[in-house]
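A short worksheet on the structure shown next.
Residue numbers begin at 1 in each chain, while the letters A, B, ... track the order of the sequences.
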Amino acid sequence: NQNTDSAEGDKPVIGVTMLSMQNEFIVNVSDEIDKKAQEAGVELITVDAERSALKQIEQVESFIAQGVDAIIMNPCEVEASSPAVAKAQAAGIPIINVNSETATKPSAFVGSDDVESARIAMKYIAERLGGKGNVIMIHGYMGQAAQIKREQGAREVLKNYPDLKLIASQTGEWDRAKAMSLMENWIQSYGGQINAVFAHNDEMGMGAVNALTAAGMKDKVVVVSVDAIPDALQAVQKGTLDATVYQNAQQQGSQAIETALKILNKQPYEVQVLIPFQLVTKKNVAQFVK
Amino acid sequence: MKQTLTTLYRQTGSSYRKRVQGMGTFGILLAFVVICLALALSTPRFMTVSNLTIIVTQVSINALLAFGVTFVIITGGIDLSLGSMVAVTGVVAALFAHPDTYPLIVPLMMALGAGFLMGGFNGLVITRSKVPPFIVTLGTMTIGRGLALILSKGRPVSNLSDTFNFIGGGQVFGVPFPIIILIVVFVLCSLLLRKTIWGRYMYAVGGNEQAARASGIPIAKIKMLVYILSGLLAALAGIVLTSRITTGQPNAGQGFELDAIAAAIIGGTSTSGGSGTMTGTLIGALLIGVISNGLDLLNVTSYYQQVVMGVIIIGAVVLDGLNRKK
Amino acid sequence: MKQTLTTLYRQTGSSYRKRVQGMGTFGILLAFVVICLALALSTPRFMTVSNLTIIVTQVSINALLAFGVTFVIITGGIDLSLGSMVAVTGVVAALFAHPDTYPLIVPLMMALGAGFLMGGFNGLVITRSKVPPFIVTLGTMTIGRGLALILSKGRPVSNLSDTFNFIGGGQVFGVPFPIIILIVVFVLCSLLLRKTIWGRYMYAVGGNEQAARASGIPIAKIKMLVYILSGLLAALAGIVLTSRITTGQPNAGQGFELDAIAAAIIGGTSTSGGSGTMTGTLIGALLIGVISNGLDLLNVTSYYQQVVMGVIIIGAVVLDGLNRKK
Amino acid sequence: MTSSKPILQITHLSKSFGGIKALDDVQLTLHRGEVLALMGENGAGKSTLMKILMGLEKADAGEILFEGEPLKNRDVKDTLKKGISMIHQELLVVPELSVADNIFLGRETTRWLPGWINNEDIYQKTETLLGTLGVAIDPRMKMKYLSVAEMQMVEIAKAISNNARIIIMDEPTSALSDKEVASLFRMIKDLKTQGVAIIYISHKMEEIAQIADTITVLRDGQYIATKPAAELDRNALITLMVGRQIDLLFPVAIGKQEEVLLSVRHLTQPGKFSDVSFDLHAGEVLGLAGLMGAGRTEVARAIFGLDPLAGGEVFVKGLPVTIRSPQDAIRYGIGYVSEDRKALGCIPGMSVQHTLTLASLKHYAQWGFIEARSEEGAAELMVSELRIKTASLQQGVMQLIGGNQQKVVIGKVLLARPDIIILDEPTRGIDIGAKHEIYKLIRQLTERGIAVLMISSELPEITGLCDRVLVLSQGRQTALLDRSEATQEKIMAHAVHQQR
Ligand SMILES: Nc1ncnc2c1ncn2[C@@H]1O[C@H](COP(=O)(O)OP(=O)(O)OP(=O)(O)O)[C@@H](O)[C@H]1O
Ligand SMILES: Nc1ncnc2c1ncn2[C@@H]1O[C@H](COP(=O)(O)OP(=O)(O)OP(=O)(O)O)[C@@H](O)[C@H]1O
Ligand SMILES: [Mg+2]
Ligand SMILES: [Mg+2]
């Protein structure tokens, strides 16, 4: 069925370009899109942009050339992925952004605001420390949209707590091993001064937890990260990770495909579907674990 | 006795010298054609004007870098800093390309200047010290990435003028502008390599540095030249990329160096230096582009795409090798 | 007749014994010591037992890969698939390392087996075809990444047994287990390279392949051997990494190949083959690790870290070169 | 001649490499139209002196006057421009470039745009140039497809095409056959009449006798003497070079034994040679003679398993064997010393000891582990047996000078304990003293019952040393001569036999 030509087949064809199929959260969104598309009898062409905005634009160009009926894009970058939106719109093909935004407004947006996730995480840290203490931040890959927005959110909150000091920050490149090494080195230089760690994603949060556990310091340091991947949820349940921020992959995936179908069927649809983040701590973790 | 020799001796048969020149790119061209045919038969969407145009546009950035690294590899060097140079020059161009600030020439010259400086730095360290090009350009790769982030303060530089964005996104008589840049640069690089003394000297330096030295060829100058060319072409790629994604991305271009080197080697440039052609490199870049496009068109699942991509690239070069042996 | 010959080949007492060997790594060792001293003077936290232990633990993965690629580079090859092999073998190990499923030996053997197969594939293609190692291993790099994603379905494989996690996280008499692995492997690799016929053959193959062939050395077997060794060491690195981060990550190990190659070259292994030592490579890996740790300790801003890192690496190798010239 | 002002005058020139004094207070005087032979053993410093003259190396002290003007602070390009060119001892060619490109490398003619090469002009000039030299090579052919002899002719053409006032020829004939040598000598005579001065370096005494006007001798980096060629006979010259008398050049043969160690029948490799058959007896030296390109090396390579055989049989000690690789050959007790020691003998970066033991490493190893004592012992034995002059066993093999390097390569083959040894041009480029030692060594080996197949382009060597001579011509076997009938004339007659 992969070879059915979009022009002649009566099934609608939707092109999907995802930020990175090496990221668990994105894979979950993509799986949900697949599942919902199958139920609705829609043909999907799913491609992986491998975190490159350029590649993403090229993929959208290719979708346009193939004459797909709609495009779902999980943008790599706010600005750099924008030309893809513009191109789709110029070609008269509806384009739905899922998970994150682009500067150029798409036909519809389904997702959450990354800045918000960091705000939630940092507020939790501030509360746990009573608004006073030393915080360390582990960044995602520098210059990427998610890193920039999560940093922005964290700094907004820090401004409200003058006694909460950011003593060090460094990139862990979204990677557990890198974050772990980074944390090990920080433990050497700051030792007991560290009160909390905010990591831009769970992978890095888990790396920090590993390093702190090995140094026997986990009890004294609060670690919070974003995404709520299964590993992180398990850690929250065990109490090693203090909190994570849940982003609803299922909702994002299913809403994206539903919005696309509504547009194709000329039904009314919401231009902005916001799916809220949720803080996951030991208290409420049970409802997220499957 | 000497006399008898001179009169009677004659040069023996010259059977082995049938190949005079220019057979080098034939094998990979064949592999390329085979792959194109296979794709054309598998999906009707492949052999359309619009799709082929898209492929060439997409290939242009990698091809520009591959041309630069072809010069470098011919002299026996390597340039791993290409990707970072793309990022730095792209950010520099973007910083000067906001609407209503400077005329178009300014961001272009600034980006090319940045590429010139980075390439010149590579060349200078390589010619002045005994440090292998691999390490020097690996160092520059890291330095460049840092510079791109410093210059952009870690954020994408957006809001670029329409004239600037035309470079990567515009069309002239229906032909995307990057394709025009690609063709012009290809012709210039080919001519430089094949028709000028500098091109000739590059082959000499990479083919036998001692022989080049004994012939009075300025080895250091030629090496400087190729790294600077590599820097300038990376700057051009950075400009096209930035204009195409309408943003200067400090994290752009990661891994571009490997793709570019792969294109050059697939196209027959030998890593040990002294041989290679721009035509080969262009075919190498097109080959990679066509495979990548074809796999998307055939809707091969992304994980399997990587497997198939790797297998086809190895297969194409094996085919090339078999063909050469005959 | 053999009798008369054996008299010719009889041993006599040793008279020549001048030590000219072992100067090769001196320069980079000096650079390494200088950097360590500079760091020790800049921050008191550097020269502590716990910090040095952490550095060596962190270095262990890169060092394991660098040992493997040192063998490969000595024979004149290159292995770009290291990072992908780390990912594949790590995922494979993780798949068999869930608690209460298989005994510890199973994930270990499966991972080493995967490394063996991938290295063997590299070796087979390289020895059977004319395709340059750069392209073959670049292809395997792509294929391996795809395989890791297919095997793990794109998701980290977590929930590993405590015995498995001991490999990367445990300690023996206060010494982290990765350090013990590092030391054992270093000693074995050194012995293999310096004391066995296979090590000698590797130098011969890389130094002059034609001469090695004429001396009756089985070139293809030696090349197979080095790529398989590289695969096995990558598997070991994959096991240590997976155990250290307690998950099998399909996207782990990206860019590891460049770090490993850098360590080998910084340590004096020549990219043109025929020279290099395991001690040099170890120092190269430690150098990179020390710089990275030092920059974190000094809390250098992340953008500048990259710039400083690049400058120091180039600088260290320049220093090495200056030292060698004298 | 001596009365005119010299075109070149070198005085008090010194040069050391690290601790080694390569040149110590050396002098040299050259006049217009003179052929000066620069003589000396391997490592005497001849090439170094010439490289300094070219500006490829810097002197530590001394002065060079070219037409009365001191040559200072210049690079190779300036030297070439001044009209001094050099044919280098080692072939310096760029394999991927064409013949014409190689000849005009660095001196390309341009047109239209700065740097734009005028290829037609270069090709045309090359064709004329090669024509006057009497070589038929396509100027457009890539250098890598040429035989070594052809490459050497191209290098000669390159030096001559510079309109040079002085041409340095550093062993220009090491890979040339007599035909090319003759045309080179004709060329030299032409150049002389045009007033060009030539510095000629060679280890071949016959050549020196033919063309040299004056002979300057160096020994161990020191200036020994300059004499008119006519005043020096062969023995006097050797005494100057070596510093002692060398008596009998070719040691006497003991005579072959009956046992046939190697016999080959109908060996064939299309395009290279066909139907080659011979027997090699224990204790004999069988010479393999022929012109350049006759296919001698190819026969040797095929027997040794370096190239595949298309047809024919090989028997070792009467048993049929199939040799697919050098490994097989070594196992059957065959050893091969290649004509190209750089390409096939030595491994750059390896020490003397490691090179010596490379082909026999398994003998010193247990479970793959090399026993250091036993390896070192073997290497030491070879160093003393073959009188290899080396600072230590750890000395790099590439740092050794000519004759000693060749001895190391022979030692490597010997340590694998072969019964049959194939020597391909074993004395190419090595000095008279070392040659003599290698001749003695060959005879020592045959006394031990080893069979030797020796390929040589130097006829005196073939007639002086061999028990029997097999002659190849264009890949076909044209004669098998006994020592008594093997005169130089007869061998040559068979070597050119069948030529169309
Ligand atoms: N680049 C170098 N580094 C160190 N030593 C050198 C170098 N070049 C030459 N030598 C040494 O200088 C001495 C003179 O060498 P040179 O090549 O000039 O001798 P030659 O007379 O040309 O010998 P041959 O007849 O073998 O060509 C030798 O001992 C040689 O090992
Ligand atoms: N690189 C090459 N490729 C193909 N054929 C070659 C090559 N070099 C030489 N030949 C051919 O192979 C044949 C034998 O060459 P070669 O000169 O080695 O013979 P030879 O008898 O061993 O001479 P010598 O030992 O004096 O060099 C000739 O016909 C020659 O033209
Ligand atoms: Mg010499
Ligand atoms: Mg020969």
Please identify, among C:Ile245, C:Ile55, C:Ile61, the residue contributing the most non-hydrogen atom pairs under 4.5 Å to chain A.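 It is C:Ile245.
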
Among C:Pro156, C:Pro250, C:Gly294, C:Gly169, who wins on heavy-atom pairs under 4.5 Å with chain A?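 The option with the most such pairs is C:Pro156.
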
What part of [X] gets within 4.5 angstrom of chain C, counting heavy atoms only: side chain, backbone, both, or neither?
X: A:Met21; result: backbone
X: A:Ala214; result: neither
X: A:Ile229; result: neither

Atom pairs, donor to acceptor, chain C/chain A, distance under 3.5 Å:
| residue | atom | partner | partner atom | Å |
| --- | --- | --- | --- | --- |
| C:Arg45 | NE | A:Ser189 | O | 2.9 |
| C:Ser50 | OG | A:Gln188 | OE1 | 2.8 |
| C:Asn51 | N | A:Gln188 | OE1 | 3.2 |
| C:Gln58 | NE2 | A:Ser181 | O | 3.1 |
| C:Gln58 | NE2 | A:Glu184 | OE1 | 2.7 |
| C:Gln58 | NE2 | A:Asn185 | OD1 | 3.1 |
| C:Arg155 | NE | A:Asn28 | OD1 | 3.0 |
| C:Arg155 | NH2 | A:Asn28 | OD1 | 2.7 |
| C:Arg155 | NH2 | A:Asp31 | OD2 | 2.6 |
| C:Ser158 | OG | A:Asp231 | OD1 | 2.9 |
| C:Arg244 | O | A:Asn210 | ND2 | 3.3 |
| C:Arg244 | NH1 | A:Glu184 | OE2 | 2.9 |
| C:Arg244 | NH2 | A:Ser181 | OG | 3.4 |
| C:Arg244 | NH2 | A:Glu184 | OE1 | 3.0 |
| C:Arg244 | NH2 | A:Glu184 | OE2 | 3.2 |
| C:Ile245 | O | A:Arg176 | NH1 | 2.9 |
| C:Thr247 | OG1 | A:Arg176 | NE | 3.4 |
| C:Thr247 | OG1 | A:Arg176 | NH1 | 2.7 |
| C:Gln249 | NE2 | A:Glu203 | OE1 | 2.3 |
| C:Gln249 | NE2 | A:Glu203 | OE2 | 3.0 |
| C:Asn251 | ND2 | A:Gln22 | O | 3.4 |
| C:Gln254 | NE2 | A:Gln22 | OE1 | 3.1 |
| C:Asn293 | ND2 | A:Asn185 | OD1 | 2.7 |
| C:Asp296 | OD2 | A:Asn185 | ND2 | 2.9 |
| C:Asn299 | ND2 | A:Ile167 | O | 3.3 |
| C:Asn299 | ND2 | A:Tyr190 | OH | 2.8 |
| C:Val300 | O | A:Gln170 | NE2 | 3.1 |

What part of C:Leu297 lies closer than 4.5 angstrom to a heavy atom of chain A: side chain, backbone, both or neither?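 For C:Leu297, the contact with chain A is made by backbone and side chain together.
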
